[in-house]
Every structure is written in structure tokens, then in C-alpha cells.
Amino acid sequence: MYYKTNDSHIYVKSDSLGDGLEEGDFKAYVSTWTRTPDCYGDVVAKGAFSQTLRKWDMSGSCIPVLYGHNETDPDYNIGYVKSAIEDDHGLLVTGHLDIDTNAKAAQVYRLLKGHRLSQMSFGYTIERKAQAQSTKGMANELQAVNLLEVSIVPHGANKDTSIEAVKSANLTNEYIKAVDAAIEAAGNGDDTMRQDELKQVKADMSTIMHKAEGRAFTPEEIDQLNTLKTKAESIQSDIKRGEEAREALKAMLTVDSQPEWQSAKNGKGYLDLAKLTKSIPETMRKDINERHVKGIDMASITGAMFTPTPIVNSIPIHDQGGEMPIGIVNYIPAGVVHTDEYDYLMETTQEDAGTAAVVEKGETKPTFKLGLKKVRNQLKVIAVVSDPVDKYTWQSSQGVVDYVGERLTREIMRTFENEIINGDGTAGHLLGLNHVEGIKSQAFSSDAVTTAINAAAQIEQYGITCAMFVLPAVDWVEIATTKDTLGHYINDPIVDVQNKQLWGVPVVADAYLESGTGYAIGTNTVQIMTDGNLETATNTSEGFRTNTVISRVEGRFSFDVLKPHGIVKFATKAAAKSTPTK
């Protein structure tokens with residue numbers, strides 16, 4: 001009897017590749033078809049287990065699972081093989097450990113779940129062997145073996161056949177299905193921008209799969225594929241949340257019963273933000289108008305072929321899609337600079353900052369540490385171009401030109417809004433709220449409304465007034481539609497839906513903020529800077545042969561946090577409870 005060990009990873013229910021496993025089950029390759037000889041100079045031929053597996057099936061018996069090949073002690077007979085198949089990579093077994101009746105099996109299973117055991121071995125006799133070519137020259141090839149048992153072992157002999165990230169047979173389909181489902185969701189929502197992102201995800205997946213054709217995926221490839229799959233699922237979730245938020249917003253505004261908020265174009269009704277803003281209280285409209293960018297010279301826009309639109313701090317474009325609700329951009333003070341780089345002062349939170357005090361004559365005055373530091377920032381270009389438009393369609397009416405300009409401008413603003421929230425400060429990104437150091441945090445406290453006021457209190461302890469709450473659109477809808485025990489909506493004065501206020505503070509429902517997270521932002525803690533130009537231009541040279549026109553819109557923007565301690569990131573929902581491991 002011989003033993004051969006495979007340095008494989010044993011997957012259990014809690015692992016990423018443990019889908020479909022029950023408690024006590026495990027999955028692993030006990031042998032692989034790699035042509036690298038093990039420490040005994042052996043390689044195993046594909047199909048070497050076919051005859052012995054048929055014999056086990058015909059016998060009606062189960063292949064035993066042992067610990068450490070110990071056949072003499074019944075306690076070490078810890079389980080049995082539920083299934084064993086030869087696939088393109090090796091002999092894949094799914095086994096079950098007797099965790100309810102065997103203390104040794106239960107202990108081994110705990111070690112597997114803790115990844116403290118990770119290797120499989122099997123006992124066998126040789127039925128047929130021959131000399132064959134391997135990656136290191138001629139080797140002894142096992143062409144047919146009689147499988148006697150499989151064992152979980154602490155140490156292995158073959159260190160060259162690691163399969164810690166081997167892909168299950170249907171994993172490729174699982175990845176592709178995830179991306180296809182997300183692409184379909186983007187198509188249903190007419191979200192071409194996210195569709196393009198997803199198509200690129202699928203192309204990246206295909207590249208990895210093509211590279212690994214005919215072999216198992218490497219651990220790095222599995223990580224890359226899982227990252228891409230997660231990205232696709234995240235985009236699909238964003239699309240779904242956005243659709244739900246828009247529908248909820250329309251329902252909340254009772255559009256159908258307020259025809260003065262609608263416009264008609266080509267027989268289709270859609271939200272008209274210009275009319276909708278008439279319902280915003282005068283005080284809030286005045287506040288928005290006072291925050292408009294000053295000094296923008298729209299006449300200096302080069303190549304303009306449509307009516308210029310405001311850049312920041314004003315009511316954004318709204319077209320049939322109704323896809324650009326008022327966001328955080330509209331509430332942040334903005335300024336204009338005429339150079340690429342500029343400096344600003346940031347006040348940092350100081351440990352033991354000190355305070356003023358009554359000072360006796362002749363004594364040293366106390367110091368209060370402001371922690372001021374000069375920060376250099378740079379305007380970054382946010383740009384987008386259209387796909388080619390037929391020249392004669394382009395010239396058919398000013399409406400086509402305006403429409404293209406509005407669509408591209410909205411994409412600029414969507415991107416800027418997203419960067420203010422999620423930008424990580426790396427090349428090609430602004431530094432957004434989710435990545436700024438020094439921002440305070442507030443844990444969830446009973447409900448979102450209570451948590452928000454606790455967050456505002458943190459700001460006010462520094463003498464800073466809370467200027468706004470920034471909430472995910474779906475979370476604001478949930479707050480706005482909460483009812484009391486009598487079934488009545490909770491409204492004035494705490495949750496003021498009509499004026500979109502919480503505790504008397506304006507609420508910004510932001511589409512790019514992840515559900516479960518909100519921000520309380522103090523007065524004069526953040527600012528937007530721009531060069532004051534939104535440049536639009538067209539290009540016909542690339543489409544000379546095909547009579548097509550490409551339009552471009554771009555602007556330069558930056559986002560600064562002046563007082564991180566005047567911003568509090570708070571949880572709008574209780575953290576999900578994790579299920580304890582058995």
C-alpha cells in the first residue's frame with residue numbers, strides 16, 4: 001500500500017468556494033493531473049481513478065475518510081466520501097465528517113474551518129504504471145490505481161501541486177451569469193454608462209478565462225475574478241437602488257396629482273426640475289441661489305454649440321430621464337481660481353488642544369492649538385465625449401445639439417457628485433468624504449433620526465453649526481415614510497418631508513452614498529473650487545469619412561475639506577448581526 005499527498009486547500013461551508021456544502025461537508029482535490037513529479041518522482045495520469053471509482057460504486061460501500069491514514073483506531077475513521085469525480089484538474093472529492101457522533105471528526109472539522117489543516121492524502125495500490133514525459137523529463141506515471149481510502153493530513157509530500165484557488169466546474173458560468181444579469185439590469189434601466197462599465201468587466205473576465213483555458217485558475221486569477229464579480233454585483237445593486245430611489249421620490253412628490261410639476265415632450269411626461277423647485281421653500285431657494293459660483297464667464301466658453309449650463313451650486317439639468325436630483329454639489333460653497341494649483345488652510349484636530357484661561361498679572365498666557373496647515377490642491381479635469389452622431393441628424397435642429405450637451409453635462413455632474421463622496425485621492429480621482437482622514441464617526445443609536453442628532457451634537461461641541469445632513473436617497477425615503485404606532489406619518493417638526501429637513505437642518509438625498517451611511521456636515525467645513533469654465537466643443541475630423549460629429553464637454557474641479565472635525569460620518573442603520581460559527 002502506498003500513500004500520496006496533495007498540497008491542496010480543503011474547502012468547508014464557510015469558504016468562498018464552499019457553496020452547496022452542508023455542515024460537516026468538505027471539498028478538496030486528493031490528486032491532480034499536473035505533470036510536475038512529486039517528491040517520489042511520480043505523476044498521476046488523468047483517468048487513473050476511473051476503474052477504482054466504478055468498483056466503489058458497484059460495491060455499494062463508501063470510501064472512508066481517515067485522519068492521518070490511521071486504519072487501526074476506529075476513532076480515526078472520521079467520515080466518508082459522498083462523491084468523487086475526475087474532472088479536468090484532478091480527482092475532486094466531496095466528503096462528510098461525522099461531527100455529531102465522533103469527537104475526533106468534530107475536532108478535525110474545527111481545524112479545517114480555522115484553516116489549520118489544509119492537505120489531503122490517499123492510500124492506494126498500483127494497478128498499472130509506465131515511464132512518461134513530465135515537466136522535468138521522464139517520470140514514473142501512475143496510469144491506474146486502486147483507491148483504498150482518503151485522509152486529511154497535517155503535512156504533505158507533494159509541494160508542487162497547490163490548488164488553493166482551484167475553480168469548481170461551474171464557476172466560470174457563475175461569473176459570466178453574474179455579469180450578464182447586471183448588464184441586463186442596466187439595460188432595463190437604460191443606464192448606458194453602467195452598461196459600458198459592466199461590458200468592460202465581462203471583457204476583463206474573458207481575458208482571464210482565456211488565459212487559463214485548459215488548466216486550473218491560479219490563486220491570483222481567482223482573486224481577480226472574484227473582485228470583478230463583486231464589482232458587477234455592486235453595480236447591479238447601485239442600479240437597483242437608484243431605480244427604487246427615483247420611483248420612491250416620484251411617489252413622494254405625488255407627481256400624478258401635481259401636473260404643474262410636469263412637462264410634456266413627445267407625448268411623454270417627465271419631472272421638470274425648474275417647475276418642481278417652485279415648491280421649495282423660499283428660504284431654501286435663497287440659500288441655494290446665494291451659493292452659486294460667482295465670476296463664471298460663460299461668454300468665454302469655446303466651441304459652444306448649445307446654451308451653457310451652470311457648473312456647480314445651482315439647479316442641475318433635468319431631462320426625460322429625471323436622473324439628476326439635487327445633490328451635495330448644490331449645497332457646498334464654491335469659489336473660482338484661475339490656476340491649476342492653489343493653497344488652502346486646513347484645521348486639524350489636536351490632542352489636548354488647550355483653552356483660554358484667566359491669567360494672573362505677569363503669567364504666561366495659555367496656548368490653544370488650531371492645528372492649521374497649508375494644503376496644496378490641484379484642479380482636475382472631468383471630461384466626457386459623445387459617441388459619433390450623424391452629421392445631418394446633428395444639423396437637423398438645435399434640439400439635438402442641446403440634448404447632447406445636456407446629456408454630457410449631466411454625466412460631468414454625476415461624476416463630480418460621486419467623486420465628492422467616494423473619490424479615493426489616487427491618480428484620476430478627487431479625495432472624497434469616504435476617504436478623508438480626521439472626520440468624526442457616530443455609531444447607530446436606536447434609529448437613524450436619533451443618530452443624526454447625536455452626529456450634529458458632535459459638530460456643535462466645536463462651535464460649528466450643522467449645515468446639512470447628507471443621506472442615501474433610499475434611507476431618506478425610509479425615514480420620510482416612517483409611521484408612528486397609530487399608522488400616521490412622522491412629520492413636523494423633527495422629520496419635515498415637505499421642506500426636506502431633519503431636526504430643522506436641510507437634508508441632501510445623495511444617489512452615490514451607500515445605504516447605511518450618512519454625513520453631518522458643518523458650516524464652512526468644505527468647499528468646491530473650479531476655474532469657472534465648462535468647455536464644450538465638437539470634432540468632425542475623426543468622422544470625415546463617415547459624416548459624423550463627436551461632442552466633448554469638460555470642466556476643472558476640486559473638493560476641499562477645511563475642517564475634518566466639523567464633519568461626522570454616521571450609521572443610518574444597525575450593523576447586521578453575524579451568525580456565530582458552530
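Position 1 is the first residue of the sequence, and the numbers go up from there.
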Spacing of OG1 belonging to T207 relative to NZ belonging to K202, to within rounding of 0.5 Å
12.5 Å

Which residues share a salt bridge (Lys or Arg N to Asp or Glu O under 4.0 Å) with E437, sequence neighbours left out
none

Flag the pair I567 / V561 as yes when at least one side-chain heavy-atom distance between them is below 4.5 Å, and no otherwise.
yes

Looking at CD1 of I332 and CD of E417, how far apart are the two atoms once the value is rounded to the nearest 0.5 Å?
7.5 Å

Sorted by chain and residue number, the side-chain hydrogen bond (donor to acceptor under 3.5 Å, both in side chains) partners of D387 (sequence neighbours excluded) come out as none

Taken in chain and number order and not counting sequence neighbours, the residues that satisfy side-chain hydrogen bond (donor to acceptor under 3.5 Å, both in side chains) with Q461 are none

Any chance you could lay out the salt bridge (charged side-chain N to carboxylate O under 4.0 Å, His left out) test for E411 and R414, step after step, and finish with the verdict?
CA-CA 5 Å; E411 292 308 308; R414 280 161 54 107; 3.5 Å; yes

Determine whether the side chains of Q200 and D204 contain a donor N or O and an acceptor N or O closer than 3.5 Å.
yes

Nearest heavy-atom neighbours spanning V497 and W476
CA-CZ2, 4.3 Å

Looking only at heavy atoms, what is the nearest atom pair of V201 and L228, with distance?
CG1-O, 3.6 Å

Which residues pass the side-chain contact (heavy atoms from CB on, under 4.5 Å) test with T227, not counting sequence neighbours?
none

Which heavy atom of C466 sits nearest to which heavy atom of E460, and what is that distance?
N-OE2, 4.4 Å

Nearest-0.5 Å distance that lies between atom OG1 in T409 and atom CD in E554:
12.0 Å

For F469 and A452, which heavy atoms make the closest approach, and how far apart are they?
CE2-O, 3.4 Å

Determine whether L471 and F570 make a side-chain contact, defined as any pair of heavy atoms from C-beta on separated by less than 4.5 Å.
yes

Does the S386 side chain pair with the main chain of S551, one donor and one acceptor, at a distance under 3.5 Å?
yes

Return the set of residues passing side-chain hydrogen bond (donor to acceptor under 3.5 Å, both in side chains) with T426 (not counting sequence neighbours), or none when no residue passes.
D424

Does any non-hydrogen side-chain atom of I420 lie less than 4.5 Å from one of Y512?
no

Does any part of the side chain of K440, heavy atoms only, come nearer than 4.5 Å to the side chain of I459, both counted from C-beta?
no

Would a distance-only check, ignoring hydrogens and angles, find a side-chain to backbone donor-acceptor pair under 3.5 Å from E341 to Q378?
no

Heavy-atom side-chain proximity of V384 to R552 below 4.5 angstrom:
no

For L431, check side-chain contact (heavy atoms from CB on, under 4.5 Å) against everything at least two apart and list the hits.
H435, V436

Under 4.5 Å between any side-chain heavy atoms of M529 and N377, yes or no?
no

Scan for salt bridge (charged side-chain N to carboxylate O under 4.0 Å, His left out) pairs involving residues 557-574, sequence neighbours excluded, and state none if there are none.
D475-K573, E478-K573

Would you say that F557 contacts I412 through its side chain, given a criterion of any heavy-atom pair below 4.5 Å between the two side chains?
yes

Using the side-chain contact (heavy atoms from CB on, under 4.5 Å) criterion, which residues pair with V449? Sequence neighbours excluded.
D447, I479, I494, V495, L502, W503

Run H429 and E419 through side-chain contact (heavy atoms from CB on, under 4.5 Å) and show every step you take.
CA-CA 7 Å; H429 293 283; E419 288 291 319; 2.9 Å; yes

In terms of heavy-atom contacts, L345 and L562 come closest through O-CD2, 3.9 Å

Any donor-acceptor pair under 3.5 Å linking the side chain of T451 with the backbone of F444?
no

Just list the side-chain donor-acceptor pairs under 3.5 Å for residues 517-526, sequence neighbours left out, or say none.
unit_1	atom_1	unit_2	atom_2	d
Y519	OH	L433	O	3.3
Y519	OH	N434	N	3.4
Y519	OH	N434	OD1	2.5
T523	OG1	T465	O	3.2
T525	OG1	G522	O	2.7

Give every residue pair that meets the salt bridge (charged side-chain N to carboxylate O under 4.0 Å, His left out) criterion with at least one member in residues 328-339, sequence neighbours excluded.
none

Side-chain touch M205/K229, heavy atoms, less than 4.5 angstrom
yes

Taking side-chain contact (heavy atoms from CB on, under 4.5 Å) as the definition, give me every residue that meets it alongside A443, ordered by chain and number, with sequence neighbours left out.
none

Results of side-chain hydrogen bond (donor to acceptor under 3.5 Å, both in side chains) for S558 - residues two or more places apart only
Y342

Could you tell me which non-hydrogen atom of P472 sits nearest to which non-hydrogen atom of S515, and how far apart they are?
CG-CA, 3.8 Å

